[in-house]
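First up is the structure itself, then whatever we jot down about it.
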Amino acid sequence: MFGFGVLKGMSVTLWNFILSYVYPKKGITTVQYPEQKKEVEERFRNFPFLVYEGAPDNMRCVACDICSKECPPKCIYIIPEKDAQGRVQKKPATFDIDYAICMNCGICEEVCPFDAIFMDHEYELAEYERLSSLLYHKEDLLKPVEHFAKIRPTDYGRIEATRAAKGVKGRAQPVAGAPPKPAETQQSPPATS
Amino acid sequence: MSDTAVHSQEPQLLEVSIGPQHPSTHGVFRMNVVLDGETIVKLKPVMGYLHRNHEQLAENMSYLASMPYTDRLDYICSMTNNFAYAMAVEKLAGIDVPERAQYIRVLMAELTRLINHTLLVGFLLNDLGAFFTPTLYAFREREKILDFFEATAGSRMMCNYFRFGGVKADLPAGGMEQVKEIVKNYSRFLDEFERLLTSNEILRSRCQNVGILSKELAVNASITGPILRASGVNYDIRKVDKYSIYDRFEFKVPLGKVGDVYDRYYVRILEMRESIKILQQLLKQMPEKGEILSAKGAAAAKSPRMWKPPAGDAYGRIESPKGELGFYLVSDGSPKPYRYHVRPPSFINITILEDMCLGQKVADAIVILGSVDIVLGEVDR
């Protein structure tokens with residue numbers, strides 16, 4: 001019968017319509033966003049942040065410049081700190097990430113030998129202006145290691161375990177050595193998940 | 001209207017530029033159409049609005065650094081793009097992939113095929129005028145798969161999940177249950193989808209015998225993917241090449257008879273059912289535990305800028321949901337590829353648009369374009 005197929009199709013839409021009223025749990029899959037928020041997954045990655053231990057001055061980053069060189073869109077900009085004699089210190093004086101350019105790939109986190117940079121869960125970052133307000137400086141990027149432990153407990157456990165096994169801060173790199181710490185270590189196999 | 005115009009013997013041709021922002025063009029795409037009344041006598045696709053210099057970009061950075069860029073080629077199927085690129089680099093450097101990683105890869109590729117075909121059917125119906133009901137049903141199902149991608153890879157669309165010699169991370173806790181749930185419920189959703197669409201008379205009259213693509217033309221124009229199979233050519237790289245572990249699964253290659261828009265629609269529905277079969281077999285066979293990244297691959301992932309594949313060239317290809325997706329790489333032994341070339345299925349499939357549209361009505365051109373299944377990120381690169 002001509003038109004039967006249309007009616008059959010309409011029965012599907014009718015069924016879905018009824019379902020959304022009778023069983024809202026099954027029928028409605030949307031979330032009323034600003035009021036309700038979905039829990040993000042643990043592995044969700046958005047934008048990178050820098051990790052410090054204790055005080056913001058005690059950051060893990062040693063300004064080795066690896067992340068900024070590996071970054072595909074080149075959105076990281078680092079200048080190492082210099083002391084009074086002009087010698088390069090293992091600490092960044094400037095550490096800028098342009099969030100307008102960052103494409104959330106997470107490669108900086110993977111290549112960092114000192115576990116200093118991780119991807120954050122923050123996603124409400126809208127700004128009225130796209131140049132200076134989305135250029136994040138060192139002060140904006142620094143977050144305590146406890147924040148990382150809170151948002152990604154599984155990864156935190158794994159990374160802390162490998163760090164404890166090595167004794168310190170990752171492997172020694174030709175670009176920059178491990179920062180001064182009581183137990184200095186040598187080369188160890190790359191940490192993989 | 002003057003007398004000469006009415007009585008003139010010459011056809012009054014009208015040139016219309018459809019796009020570049022037409023709602024049904026699936027991106028920034030333009031068609032220059034010459035019309036005789038409502039019939040198309042000439043059609044010229046205009047593309048390049050989304051050109052991002054993908055190949056040149058990749059030639060100026062390390063091998064791993066272009067992995068996130070491949071996500072952005074065909075932004076609906078980022079996992080299969082990763083797959084093809086990873087395969088090309090693995091061939092180039094001779095990296096082997098562990099067993100469990102192979103299974104995870106095929107799992108991701110088949111889920112991506114489900115996403116792509118579901119979305120395509122939704123948007124095709126949008127082009128036909130069934131405004132957004134089928135699309136939103138498609139989105140609802142896709143959402144479940146994207147949730148799984150997010151839990152596994154960290155991102156919903158731009159997954160950046162594959163690495164040379166494996167994958168980035170193992171499935172999360174509870175990931176397998178999530179997949180089993182998706183696979184269990186998907187054929188029920190497809191039944192619902194078909195009840196809504198397949199026997200619908202409006203869809204049939206708009207799609208049947210519209211935009212017929214003959215077998216010979218399809219082969220001559222090197223069309224691949226579901227469009228080729230809808231024209232009745234049995235060619236599926238999963239069967240022909242047997243890459244990765246596709247020889248371990250039993251599945252059929254659905255073929256069309258006429259090669260019209262309806263066949264292209266229906267072949268995709270059938271392909272989704274075959275994908276579900278593959279996934280069911282895969283979930284039974286998949287090893288519980290195992291390595292997910294080989295040692296050689298781990299070295300490449302840890303310091304990409306220092307990693308140098310040997311000089312030579314390689315071509316890695318897979319059956320992406322849209323057709324044959326291939327990456328051709330030439331290495332000169334340096335950390336950057338000397339030449340990086342993409343063979344995008346969308347771009348090559350769009351070349352026959354004019355042949356399919358000639359003699360059809362202008363409203364059908366939109367439907368035919370929808371049935372070709374292009375993503376402009378891949379066409380323009």
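Just the heavy atoms: all of them, side chains too, but no hydrogens, waters or symmetry mates, feed the values below. Residue numbering restarts at 1 for every chain, and letters A, B, ... go by the order of the sequence lines.
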Give a yes or no on whether [X] atom [atom1] has more than 12 heavy-atom contacts from other residues, nucleotides or ligands under 6.0 Å away.
X      : atom1 : answer
A/K143 : NZ    : yes
A/Y123 : OH    : yes
A/D57  : CG    : no
B/F139 : CZ    : yes
A/E139 : CD    : yes
A/L134 : CG    : yes
A/M10  : CE    : no
A/E129 : CD    : yes

Quick one: what part of [X] sits under 4.5 Å from any heavy atom of chain A, side chain, backbone, both or neither?
X      : answer
B/F193 : neither
B/R156 : neither
B/L64  : both
B/M61  : side chain
B/T198 : neither

What distance do [X] atom [atom1] and [Y] atom [atom2] have between them, rounded to the nearest 0.5 Å?
X      : Y      : atom1 : atom2 : result
B/M67  : A/C105 : CE    : SG    : 11.5 Å
A/E41  : B/F148 : CD    : CZ    : 10.5 Å
A/E70  : B/R305 : CD    : CZ    : 5.0 Å
A/N104 : B/N160 : CG    : CG    : 10.5 Å

Side chain, backbone, both or neither: which part of [X] has a heavy atom under 4.5 Å from chain B?
X     : answer
A/E42 : neither
A/K74 : neither
A/T29 : side chain
A/C71 : neither

Testing the basics here: between [X] and [Y], what is the closest heavy-atom pair and its distance to 0.1 Å?
X      : Y      : result
A/K38  : B/D147 : NZ-OD2, 3.6 Å
A/V111 : B/P304 : CG1-CD, 3.6 Å
B/T133 : A/T13  : CG2-CG2, 3.6 Å

Find out whether B/P68 and A/M103 are in side-chain contact, i.e. whether some heavy atom of one side chain is under 4.5 Å from a heavy atom of the other.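 Side chain of B/P68 against side chain of A/M103, heavy atoms only: contact under 4.5 Å found.
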For the pair A/R43 (side chain) and B/T152 (backbone), establish whether a donor and an acceptor sit closer than 3.5 Å, ignoring hydrogens and angles.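 Present.
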Is it true that a side-chain atom of B/E150 and a backbone atom of A/F44 form a donor plus acceptor pair closer than 3.5 Å?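 No; zero donor-acceptor contacts below 3.5 Å.
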Criterion side chain to side chain donor-acceptor pair (under 3.5 Å) on A/N16 and B/R140, from CA distance to verdict: CA-CA 12 Å; A/N16 274 285; B/R140 186 184 65 197; 3.0 Å; yes
Do you know which of B/P172, B/S155, B/A153 has the most heavy-atom pairs under 4.5 Å to chain A?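 Looking at each option in turn, the highest pair count goes to B/P172.
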